[in-house]
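Structure, as structure tokens:
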Amino acid sequence: MAENEWLSKDFYKVLGVSKDASDSEITKAYRKLARKYHPDLNQTKEAEEKFKDISEAYDVLNNKETRQKYDAIRQFGMGGARFAGGSGTGGFDASGFSDVFGSMFGGGSGAGGSRIRFSTSGGGQPNLNDLFSMFGGGAGTQGGGYGGYAGGDPYSEYQAAPKPEDGEDRNSKINLTFRQAVKGATVSLSMGGKKFKTHIPAGVKEGQKIRLGGKGKPGRNGGKAGDLYLTVNVAEDPKFAMRGHDLVMDLPVTVDEAVSGAKVEVKDIDGETVTFKVPAGSSSGAEVHVSGKGVHVGNSTGDLVGRVQIRIPAKPGLALKHAAKEFDKASGDFADAIAGERG
């Protein structure tokens with residue numbers, strides 16, 4: 001409800017209470033009337049309008065600040081009174097309203113506890129320009145503004161609070177070791193002169209962005225802080241690579257292990273010994289898995305994957321060369337099939 005209607009409505013009368021009624025008396029009166037006129041209980045047009053009136057009255061009188069403003073406006077608006085500056089006997093002491101008008105118009109009633117007296121304007125509505133210009137500065141100013149708003153109806157609005165503005169986002173980079181990226185890590189960061197710690201989840205990838213809510217630039221006028229976006233840089237590891245939730249590594253084997261099959265032991269990323277089972281007849285590039293030894297993310301864990309790499313000596317002797325020829329002969333048409341694949 002607009003405050004410029006307060007002069008024409010007696011909220012105390014609407015609720016049936018005195019102007020000195022306590023908060024509990026106001027609430028009690030409202031509840032009694034609400035039960036009588038609530039649309040769910042009384043479905044007449046008259047009851048609907050009455051319920052709106054008592055709701056408006058309660059909204060104003062139940063709030064200490066709005067009740068003070070309402071009482072002040074009603075007090076100064078009674079009997080066609082208007083302000084005349086100065087002090088003296090027989091005047092109205094405005095000190096009781098200093099807090100109200102100080103918050104409404106940005107100023108008090110004057111230095112030294114000066115008094116304000118009324119003079120009769122001959123009936124009718126009070127001269128509101130006189131009343132508000134006394135507290136806003138510059139009595140009689142036309143289009144000059146009252147307490148932070150220009151022209152217009154001085155009851156219609158007060159100076160609005162600054163609009164909340166959210167803070168801007170920040171962007172930064174973070175460098176991780178390969179093991180930190182696989183396992184996750186708690187890292188210390190410094191942003192805007194403030195230090196804080198944050199947890200990097202397991203399984204982050206090179207170039208991935210991590211959002212840290214509220215760690216950006218602070219908001220203004222009560223707005224929320226922006227976010228911080230961290231771009232991840234992951235150092236390469238000479239042995240392991242990530243592929244989804246799997247950890248992948250080369251698995252060197254001999255010709256005999258590839259041909260006959262073998263159990264090959266290696267160290268995983270934690271330095272623990274694990275065993276790959278290489279099937280007989282495995283060629284280079286074939287992949288074998290150890291389940292559950294990859295990246296642990298939530299309730300899921302990837303595998304450790306070994307890519308078979310058949311190795312031979314860099315400088316084979318005559319005996320090894322002779323054995324290799326015999327191996328090809330023993331393989332039947334295999335050597336010819338390989339030659340055919342090469343085109």
Side-chain angles (χ1 to χ4, degrees), residues 174-187 199-210 230-343:
I174 184 168
N175 298 317
L176 301 176
T177 65
F178 184 81
R179 193 174 191 283
Q180 285 177 320
V182 171
K183 296 294 184 177
T186 298
V187 297
H199 181 70
I200 304 298
V204 293
K205 306 294 193 302
E206 171 71 21
Q208 182 175 337
K209 285 192 175 184
I210 299 174
L230 291 177
T231 300
V232 176
N233 293 326
V234 180
E236 293 185 0
D237 187 90
K239 184 176 180 180
F240 299 98
M242 269 193 289
R243 187 178 68 191
H245 292 171
D246 292 336
L247 286 178
V248 182
M249 62 176 291
D250 286 341
L251 183 62
V253 298
T254 66
V255 173
D256 178 51
E257 288 172 331
V259 172
S260 303
K263 292 182 179 180
V264 181
E265 292 185 346
V266 300
K267 299 289 187 182
D268 66 10
I269 196 169
D270 294 319
E272 297 178 354
T273 300
V274 296
T275 302
F276 283 108
K277 294 181 180 179
V278 180
S282 295
S283 298
S284 289
E287 294 187 348
V288 289
H289 292 240
V290 176
S291 179
K293 288 294 182 177
V295 183
H296 182 75
V297 179
N299 296 323
S300 175
T301 304
D303 295 342
L304 178 61
V305 180
R307 291 182 298 207
V308 173
Q309 302 289 326
I310 300 174
R311 303 287 177 84
I312 61 172
K315 295 181 179 180
L318 290 176
L320 185 57
K321 290 178 181 179
H322 176 74
K325 288 184 181 291
E326 292 299 318
F327 177 81
D328 282 353
K329 288 179 183 179
S331 299
D333 296 333
F334 180 74
D336 293 336
I338 294 299
E341 289 181 15
R342 296 195 292 262

Side chains of [X] and [Y]: does their closest heavy-atom pair fall under 4.5 Å?
X	Y	result
H289	V305	yes
L320	P313	yes
V274	V266	yes
M249	I269	no
V290	F276	yes
H322	E326	yes

If you apply the rule side chain to side chain contact (heavy atoms under 4.5 Å, CB included), what do you find for V234 with F178, and how did you get there?
CA-CA 6 Å; V234 180; F178 184 81; 4.2 Å; yes
How close do [X] and [Y] get, counting heavy atoms only, and between which atoms?
X	Y	value
S282	I310	O-CD1, 3.6 Å
V253	A258	CG2-CB, 4.1 Å
P201	I210	CD-CD1, 4.2 Å
A181	M242	CB-CE, 4.0 Å
V182	V295	O-CG1, 3.6 Å

Can you tell me if [X] has over 12 outside heavy atoms packed within less than 6.0 Å of its [atom1]?
X	atom1	answer
K205	NZ	yes
E236	CD	no
K277	NZ	no
D270	CG	yes

If I take atom [atom1] from residue [X] and atom [atom2] from residue [Y], how far apart are they, to the nearest 0.5 angstrom?
X	Y	atom1	atom2	result
T186	Q180	OG1	CD	10.0 Å
F240	K267	CZ	NZ	11.0 Å
K209	I174	NZ	CD1	14.5 Å
K183	L176	NZ	CG	15.0 Å
T254	R311	OG1	CZ	11.5 Å
I338	D333	CD1	CG	11.5 Å

Check whether any side-chain N or O of [X] sits under 3.5 Å from a backbone N or O of [Y] as a donor-acceptor pair, and report yes or no.
X	Y	result
T301	G292	no
H296	G298	yes
D246	D303	yes

Just do the salt bridge (charged side-chain N to carboxylate O under 4.0 Å, His left out) check on K239 and D250 with the steps written out, would you?
CA-CA 7 Å; K239 184 176 180 180; D250 286 341; over 6 Å; no
Before you tell me yes or no, could you show the steps for V278 and E257 under side chain to side chain contact (heavy atoms under 4.5 Å, CB included), namely the whole-Å CA-CA distance, both residues' side-chain angles and the distance that decides it to 0.1 Å?
CA-CA 8 Å; V278 180; E257 288 172 331; 5.8 Å; no
